[in-house]
Amino acid sequence: MLSIQEHGTVEEASSNLLDFILIPDNWLEQAAPQPEGSASWPASDMQYQRRVGTLRICASVDVAPSLDVTLHIAFRAPGLTPIKAADHLESFLKQRLPLTPNSEWQVEVDDRRWIHFSRRYAGTHLLA
């Protein structure tokens with residue numbers, strides 16, 4: 001059975017996970033929308049997940065059938081709030097993709113208590 005890689009800090013997890021997910025060969029095909037409560041994301045593949053203490057992090061670059069490319073990062077931990085998750089997001093992205101003023105992220109909390117952040121990764125959709 002595969003286990004989730006452990007790291008000492010969010011920054012270490014970020015360096016390791018972003019190095020992996022930003023390689024185009026590791027981008028994921030975004031499936032059709034799932035029914036409410038479906039467990040299709042975060043990715044069941046442990047390569048896309050990391051752990052820092054009780055904090056679980058899942059990240060991927062998703063390519064939609066329309067060829068829109070989205071960066072998707074989610075956090076889960078006991079008692080985690082969207083505000084604290086936003087702080088983790090800032091720490092997670094600081095080294096490679098620092099947050100900038102007025103950057104727009106979609107935020108969602110699912111029924112499994114994952115706090116999801118997503119935003120367009122590429123400026124326009126890919127051309128085939």
Side-chain angles (χ1 to χ4, degrees):
M1 184 170 142
L2 294 175
S3 63
I4 299 172
Q5 290 184 32
E6 293 248 6
H7 295 277
T9 66
V10 171
E11 291 80 7
E12 284 178 22
S14 166
S15 178
N16 183 269
L17 187 53
L18 285 175
D19 284 349
F20 174 74
I21 69 162
L22 294 178
I23 297 170
D25 286 344
N26 296 326
W27 292 6
L28 298 176
E29 180 180 342
Q30 189 177 37
Q34 299 294 314
E36 193 70 27
S38 172
S40 66
W41 208 94
S44 58
D45 188 337
M46 296 302 163
Q47 295 180 89
Y48 295 87
Q49 295 189 36
R50 300 295 183 270
R51 182 183 299 272
V52 178
T54 61
L55 178 68
R56 286 184 55 189
I57 304 165
C58 187
S60 65
V61 175
D62 303 327
V63 180
S66 64
L67 298 181
D68 287 330
V69 181
T70 304
L71 176 61
H72 192 150
I73 302 168
F75 301 93
R76 180 179 174 185
L80 187 64
T81 65
I83 298 296
K84 185 63 178 167
D87 291 340
H88 289 312
L89 178 68
E90 183 177 18
S91 296
F92 186 80
L93 295 173
K94 188 185 315 183
Q95 295 172 348
R96 294 281 297 267
L97 304 164
L99 294 179
T100 58
N102 298 322
S103 62
E104 294 183 20
W105 287 82
Q106 293 180 349
V107 181
E108 178 183 340
V109 180
D110 70 17
D111 58 347
R112 295 167 296 145
R113 298 178 35 192
W114 280 92
I115 300 172
H116 303 263
F117 296 90
S118 60
R119 72 177 299 239
R120 177 170 280 186
Y121 181 62
T124 58
H125 68 275
L126 296 174
L127 299 176

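Here the structure is a predicted model, which is why all the values come from computation and not from measurement.
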Going by heavy atoms in the side chains, are [X] and [Y] under 4.5 Å from each other?
X: Tyr121; Y: Thr70; value: no
X: Lys94; Y: Ser14; value: no
X: Val61; Y: Leu28; value: no
X: Asn16; Y: Gln5; value: yes
X: Arg96; Y: Asp19; value: yes
X: Asp62; Y: Asp68; value: no
X: Glu11; Y: Ser91; value: yes
X: Glu29; Y: Val63; value: no

Using modelled atom types and a 3.5 Å cut-off, is there a donor and acceptor pairing between side-chain atoms of [X] and backbone atoms of [Y]?
X: Tyr48; Y: Asn26; value: yes
X: Arg112; Y: Val109; value: no
X: Ser118; Y: His72; value: no

Could you grab the distance from atom [atom1] of [X] to atom [atom2] of [Y], nearest 0.5 Å is fine?
X: Leu89; Y: Lys84; atom1: CG; atom2: NZ; value: 12.5 Å
X: Arg120; Y: Gln106; atom1: CZ; atom2: CD; value: 10.0 Å
X: Arg76; Y: Cys58; atom1: CZ; atom2: SG; value: 11.5 Å
X: Ile73; Y: Trp114; atom1: CD1; atom2: CH2; value: 12.0 Å
X: Ile21; Y: Trp27; atom1: CD1; atom2: CH2; value: 10.0 Å
X: Ser3; Y: Met46; atom1: OG; atom2: CE; value: 8.5 Å

Output, in order, the C-alpha distance, side-chain angles, deciding distance and verdict of side chain to side chain contact (heavy atoms under 4.5 Å, CB included) for Phe117 and Leu93. CA-CA 12 Å; Phe117 296 90; Leu93 295 173; over 6 Å; no

Check [X] against [Y] and note the closest heavy-atom contact, atom names and distance.
X: Leu17; Y: Ala59; value: CD2-CB, 3.7 Å
X: Pro78; Y: Arg113; value: CA-NH2, 4.2 Å
X: Leu55; Y: Val10; value: CD2-CG2, 3.8 Å

Residues Gln49, Arg56; criterion side chain to side chain donor-acceptor pair (under 3.5 Å); working and verdict: CA-CA 7 Å; Gln49 295 189 36; Arg56 286 184 55 189; 2.6 Å; yes

A quick test of your reading: do over 12 heavy atoms of other residues, nucleotides or ligands sit less than 6.0 Å from CZ of Arg119?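 Yes, CZ of Arg119 has more than 12 neighbouring heavy atoms, counting only those of other groups under 6.0 Å.
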
Mark yes when over 12 heavy atoms from residues, nucleotides or ligands other than Ile83 sit less than 6.0 Å from its CD1; otherwise mark no.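 No, not enclosed.
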
Should the ring pair Phe75 and His88 be called parallel, tilted or perpendicular, given that the plane angle runs from 0 to 90° and is split at 30 and 60?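 Phe75 and His88: tilted rings.
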
Could you go through the side chain to side chain contact (heavy atoms under 4.5 Å, CB included) check for Val107 and His116 one step at a time? CA-CA 6 Å; Val107 181; His116 303 263; over 6 Å; no

